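Residues: numbered from 1 along the sequence shown. The basis for the numbers below is simple: all heavy atoms, side chains too, and nothing from hydrogens, waters or symmetry mates. Bear in mind that the values here come from a model prediction, so they are computed numbers and not experimental data.
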Amino acid sequence: MAHYRDLLAQIDALLRPTLGEGRVADYIPELAKVAPDQFGMAIATPDGEVETVGQAATPFSVQSISKLFALVLA
């Protein structure tokens, strides 16, 4: 799991300086409420181990990313 922890830390360090540069999708009410500098990631392994970085425990609206899960199931 240390490998995943290190990987997440590297990605976080790379992306952290860019947080807040984009625009929140204000045409979707649920997304309009999200702070533009909010960021978190999590990796869950098949054996149940979980590594996180940033605000990974913060609930969020999945919006269009939910299509990916439907595609994978298909």
Rounded to the nearest 0.5 angstrom, the CZ-CD distance for Phe60 and Gln38 is 9.5 Å
- Message: Hydrophobic clustering (ILVMFWY, side-chain heavy atoms < 4.5 Å, transitive) - are Leu15 and Val24 grouped together?
- Response: no
Side-chain donor or acceptor of Thr45 paired with backbone N/O of Glu49 under 3.5 Å: yes
One should read off an interatomic distance between Asp12 CG and Met41 CE, to the nearest 0.5 angstrom, of 6.0 Å
Is Ile65 atom CD1 crowded by more than 12 heavy atoms from other residues, nucleotides or ligands, each under 6.0 Å away?
no
The reported gap from CG in Leu8 to CD1 in Ile43 (rounded to nearest 0.5 angstrom) is 4.0 Å
(message) Do Leu31 and Tyr27 land in one hydrophobic cluster if side-chain heavy atoms of ILVMFWY residues count as linked below 4.5 Å?
(response) yes
Rounded to the nearest 0.5 angstrom, the CG-CD distance for Asp37 and Glu21 is 11.5 Å
On a heavy-atom basis, the closest approach of Ser61 and Gln63 is OG-NE2, 2.8 Å
CZ of Arg5 to CG of Leu7, rounded to nearest 0.5 Å, is 12.0 Å
Heavy-atom closest pair (Glu30 atom, Val34 atom, distance to 0.1 Å) is O-CG2, 3.8 Å
Tell me, with the steps shown, if His3 and Asp6 meet side-chain contact (heavy atoms from CB on, under 4.5 Å). CA-CA 5 Å; His3 171 72; Asp6 294 343; 5.8 Å; no
Would the distance check show the side chain of Gln55 and the main-chain N or O of Phe39 forming a donor-acceptor pair, the cut-off being under 3.5 Å?
yes
